[in-house]
S.K.: 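Mind looking over this structure? Questions follow.
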Amino acid sequence: MSDFDAGDTGHDVDYGHYEAGEQHDGLDQLHQAHGAEADHNSQFGQYEQDHHAQESTDFSQGHHVEYDQPAAVHYESDDYTNYDHNASVDDHVFAAEGSENSHQADFGELDALQQRFDASFASGTELHGGEGQLGVASN
């Protein structure tokens, strides 16, 4: 405030100034989150077993007789035995094992803040003096 001298009137007069305005402040906020995850698992196995068996047996037995009479005598006799045995065994084993793994992970986050602040202010000019006491309302 400043003082205003009104001269020889004999009154003290005070002089003030009036202001008005607005003030805007802002604050931004943003929150964002992102996440991703991927898994992969593959397991395989193979087992193989084969068994083969083969057997063969042949058996034969015989008797042969031959006889001739007219001019000279001829006599013949045969006995025979035939035995044949075959066997085979085959074993086969096969095994396989495997495993596979995979993993992937992503994550992102963003934070921000947004807020608006509005403020108004006002002030005025006032004259206070002597007996008249003038103010803003008297204009």
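FYI, the numbering just counts along the sequence from 1. Computed from a prediction, not measured in an experiment: that's the story for all the values here. In what follows, every heavy atom counts, from backbone to side chain, and hydrogens, waters and symmetry copies are set aside.
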S.K.: How close do F44 and S99 get, counting heavy atoms only, and between which atoms?
M.R.: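 The answer is CE2-N, 4.1 Å.
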S.K.: Find the distance between OG (S56) and CG (D84) and round it off to the nearest 0.5 Å.
M.R.: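 Here the interatomic distance stands at 6.5 Å.
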S.K.: To the nearest 0.5 Å, how far apart are OH in Y80 and CG in D78?
M.R.: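 Answer rounded to 0.5 Å: 9.0 Å.
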S.K.: CG of D79 to NE2 of H64: how many Å apart, nearest 0.5 Å?
M.R.: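 So the CG of D79 and the NE2 of H64 are separated by 11.0 Å.
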S.K.: Write down the atom of G35, the atom of F107, and the distance for their closest heavy-atom approach.
M.R.: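 Taking every non-hydrogen atom into account, CA-CD1, 3.7 Å.
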S.K.: Between atom CD of E100 and atom CD of Q43, what is the distance when rounded to the nearest 0.5 Å?
M.R.: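 Between atom CD of E100 and atom CD of Q43 there are 11.5 Å.
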S.K.: Atom CZ of F94 and atom CD of Q49: how far apart are they, to the nearest 0.5 Å?
M.R.: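 Answer rounded to 0.5 Å: 13.5 Å.
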S.K.: Working to the nearest 0.5 Å, report the span between OH of Y67 and CD of E76.
M.R.: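 Nearest 0.5 Å value for the OH-CD distance: 14.0 Å.
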S.K.: For the pair H51 and V89, evaluate side-chain contact (heavy atoms from CB on, under 4.5 Å) and give the outcome as yes or no after the intermediate values.
M.R.: CA-CA 8 Å; H51 175 75; V89 176; 3.8 Å; yes
